[in-house]
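Right, one structure below, let's go through it.
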Amino acid sequence: MLPSSGERPPSPRTLDTVKHATETPGADQPWAELGLKEDEYARIREILGRRPTGAELAMYSVMWSEHCSYKSSKVHLKQFGEKAPENDALLVGIGENAGVVDVGQGYAVTFKVESHNHPSYIEPYQGAATGVGGIVRDILAMGARPVAVMDPLRFGAADHPDTKRVLPGVVAGIGGYGNCLGLPNIGGEVVFDPCYQGNPLVNALCVGVMKHEDIHLAKASGAGNKVILYGARTGGDGIGGVSVLASETFDDTKPAKRPAVQVGDPFQEKLLIECTLEIFRERLVAGIQDLGGAGLSCATSELASAGSGGMRVELDTVPLRDSSLSPEEILMSESQERMCAIVEPDKVDRFLEICEKWDVIATVIGEVTDGSRLEIFWHGEQIVDVPPRSVAHEGPTYHRPYARPEWQDALQADDAAKLPRPADGDELRAQVLRLAGSPNQASKAWITDQYDRFVQGNTVLAQPEDSGMVRIDEETNLGVAVATDGNGRYTKLDPYTGAQLALAEAYRNVAATGAKPLAVSDCLNFGSPEDPAVMWQFAEATRGLADACQVLGTPVTGGNVSLYNQTGEAAIHPTPVVAVLGVIDDVTRRTPMAFAEEGQLVYLLGDTREELGGSAWSQVVHDHLGGLPPKVDLERERLLAEILISASRDGMIDAAHDLSDGGLVQALVESCLRGGKGARLVVPDGLDPFVFLFSESAGRAIVAVPRSEELRFTDMCGARGLPATRIGVVDGDALVVQGQFALPLEELRTAHEGTIPGLVG
Amino acid sequence: MARVVVDVMLKPEILDPQGQAVQRALPRLGFEGIADVRQGKRFELEVEGPLDEAALARIHEMAGTFLANTVIEDFTVRVDDAVRAES
Amino acid sequence: MARVVVDVMLKPEILDPQGQAVQRALPRLGFEGIADVRQGKRFELEVEGPLDEAALARIHEMAGTFLANTVIEDFTVRVDDAVRAES
Amino acid sequence: MTARVGVVTFPGTLDDRDTQRAVRAAGAEAVPLWHRDKDLHQVDAVVLPGGFSYGDYLRAGAISRFSPVMETVLEQARAGMPVLGICNGFQVLTETHLLPGAMLRNNHLHFLCRDQKLRVENAATAWTADYAEGQEISIPLKNIDGRYVADERTLDMLEAEGRVAFRYATGGPAAEGYGNPNGSLRDIAGITNEAGNVVGLMPHPEHAVEPLIGTGRTDGLGFFTSILKKLVNV
Ligand SMILES: Nc1ncnc2c1ncn2[C@@H]1O[C@H](COP(=O)(O)OP(=O)(O)O)[C@@H](O)[C@H]1O
Ligand SMILES: [Mg+2]
């Protein structure tokens, strides 16, 4: 039984020390306001053998939150480890700040995608900006130089007034932060759907590069080693919830509630990056951790938990921006642009010197001990004494109930095949034009032109190419490619298949540019885990993704879960965003998407079936979502990728573009507009023109083949059993489908490029 | 025509990187003795029609919903007839 | 500690697209009757020591050489003890 | 013997390494210079690269202008040493008043990254000799504070003295990079001082030196070969 209010809570201006907590076991504590469940509070008392102090309660409450502890999701996420395919390239797997992959020549690459959804709805600019800042620090903490960012985004209906507020703010925030850091933005996604109204998704990905020997891990070992906090001063940002505690234990002269939103300082982060890389070069750190969610609580407990000993921290040495902060607030503060390093005593001076060089504030705040406790002091008095693992790694685990929703059958039965189709070539033409100009299919240049894609001078491919590609070695031309994909409509129709389709698409995109897919990171955006239907979607999607990763041989190296993306009863479409990283030995061999040479032959690779469920056509023309998503054939995806990679390496193709939303015709529109060249097409025998153009069958791509390479290319496809159909030729300045319609490129361009500026410009 | 000035400043507890950068630069330029700098925005609105209670109330509302994001910013509204030019 | 406010505005003849964007947005948000909007910067300086002639002269100099670029901007300096918070 | 071209790094500079690469691509030696160090280490020319020095807080270039290294750069520039300011570097040069005018927020208020067509107006400066007057080149533009302004008198003077080095080319479709991208007065993209040794421009020649990277063009290389030839011939 929990003690009820037998004794008075600590009076104002009394520091709630460990000693005080021991002496006042019955004091009332606001555990419920802090989001803890009764049994969780009881477990904390059991772990400590007494009631927690205010500071301890603050730490447990935030570290055991859904966001930090993954309590609803971890029983499902563990499949990513259990089903992980054998993969020699994986150097660091799930569990660290980000996974690390071997890409050859002594290089390792780390990448991860994370969400900053809710803050971006409240304050679009700062929410998105600090999302970029956070993921960049994760990558930096692995020892890598960040080399590129990407931004998968979801917004409400394109014409909804609030989208006009959220989208420009988010885009300006991502650009404002990333541009100022000097990280090229090489890709991302922008999808509109009314289901994201009130719950926009702002996911951010960062890629970093290092040499194998530079990999750093987040752990504190070696008694006597110093704990150094460096970067920005700590202020009252992002501690909204914890002010409950502060107001109970301290005087009430300060604002009742601290803001939950943080403001980023990309300039400070740029200094932090350069300073940290210089520190790495001189091998000055034994362990390192970025400060993100849960601030110092998270950094100190994770470092100590992963290390061998304990840790002692003098909290009053933390440099503050606001001297009125309470110790609880300092522990919780999510002030941006901070890092925490473990440094051997004889290296501390040099460490501080480098920080000074870069105008970065650095302070020794504690040291690693040979004990087993995390101990935190405030002006000499102990306010925290906990086993760090209990805070960081042994939080609660929920087995939330899940059940296939009743409406799922009806949704799947509502087949898109029954929707009225265009009756003739004219109608087909009108629908092609409409699709090309629909918000989801339209050019995103208005957005991506606000991102610097050239900085660092290594960008080989960037949006709107199928994947972003950066060179990582100037001598050998070794490079990496990354693509992110996710289709909430498919996933709503069938979460298992939808997640696999997201992976398949990202995998295909990487291969389309000529890179070999190696590894996966994912951001799982879902509604409330307390809804069994949502939990079922989550369970199915993770199972689908884990199974598919196993088949494709691409391990999940890390990622992020974002739950509670819902307004009232209405959850967003289940939206797993999957990022695939690939390697290319020689970036001069990359394959762009543009049709650039008249006379080249256009081949369609893969099989086209009648698959319209969840398609862009069904959405744009009929505002319909129903039926089943396209089938997944992972073996076919693998074969297609092999062909695309071989053809690129051996110079058999000059352009390739993967087929996804909008089907063949959308891919053709994009390749034509990108290269400023038209194409003349013939509908293959036995295919309905409408199905040929609009079906979204997976496992397909189009390629442009120089005539001199045609035989070699078709022989290769034939020998390996990949269907390759010659569908036309690059030619003229219109998209012509013989016997159906002709669409001048200029008309297409106007439709394709005018939409987004017209909506939000 | 009346001029109304809306000043928008970040809330005191919110990080102000711009103000900080200015403050840190001052000693280097030989200006000592500035303990803190905050940088905000100043809007000068030229208002048509009478500046009565109702008009001011509307401007207040506009400032609170549009010119400032009150999640992170505070604002003040005041009627101003001072002349601006200087230097 | 005294507070000095430095307001920096673009010179009237220089195009102010930020102010214009605000002004253009207002009718859409239902705010009519604003004939013009200019957007500038406001600096709040917390000054240590006495705010005498000499101190103010130094602040003027700082404003004219650093806070404002007088090629494009005008500025004013004034001592302020009003309280800021609102909303 | 080759030329030594210094590339300054301020806190928040982003394109320093790219600029060093471009200097090397032209065959010169790139010498990193640090903002706190007044010593220019015997360089023959200096590039102030792009980026967001000091976060572009206050105004772009306003804070870095007061760096120790800039004291020497100013002194040397006045004595005739070639100095090129790219983007943020251009902003620093106007803040020091080594070049007239100022750079303001783009008229559309957005950061804009695109391949931009420029017309070379003055092929006689230290940094443009490898181009022909009237030549059109295409190099990346990427900034949010790129709108060049100056008073009418200054603009007239710049024109009269042939000191407009580059203009945004406007004679073609936007899709091909034509057009004034930010409301710069008289389409000015870059200017030079009277002596022709100091040049500033907003677009980024250092991002257009390799066929593989970025836009795939090499139109920017001429800046770096121009200076190399000038210095080596001296
Ligand atoms: N969807 C996911 N798939 C795989 N790994 C995940 C996923 N979500 C989280 N993880 C992993 O769990 C660990 C903790 O995640 P997180 O708290 O986001 O890390 P951080 O503290 O660095 O922000 C990380 O290693 C992360 O990669
Ligand atoms: Mg982390």
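Per chain, numbering begins at 1; letters A, B, ... match sequence-line order. Please read all numbers here as calculations on a predicted model, not as lab measurements.
Ranked by heavy-atom pairs under 4.5 Å with chain D, the list Ile72(C), Val71(C), Asn69(C), Leu67(C) is led by Asn69(C).
Interface residue Leu58(D): backbone and side-chain heavy atoms are both found under 4.5 Å from chain C. Heavy atoms of His97(D) lying under 4.5 Å from chain C belong exclusively to its side chain. Residue contact with chain C, scored on non-hydrogen atoms closer than 4.5 Å, is absent for Leu185(D). Both the backbone and the side chain of Phe66(C) have a heavy atom closer than 4.5 Å to some heavy atom of chain D. Heavy atoms of Asn106(D) lying under 4.5 Å from chain C belong exclusively to its backbone.
Around atom CD of Glu13(C), more than 12 heavy atoms belonging to other residues, nucleotides or ligands sit under 6.0 Å away.
Residues forming a side chain to side chain contact (heavy atoms under 4.5 Å, CB included) with Glu161(D) (at least two apart in sequence, or on another chain): Met157(D), Arg163(D), Glu194(D).
Contacts between residues 14-32 of chain C and chain D, defined by a heavy-atom separation under 4.5 Å, are made by Ile14(C), Leu15(C), Pro17(C), Gln18(C), Ala21(C).
Note that CZ of Arg105(D) and CG of Leu10(C) are 11.0 Å apart. Values are rounded to the nearest 0.5 Å.
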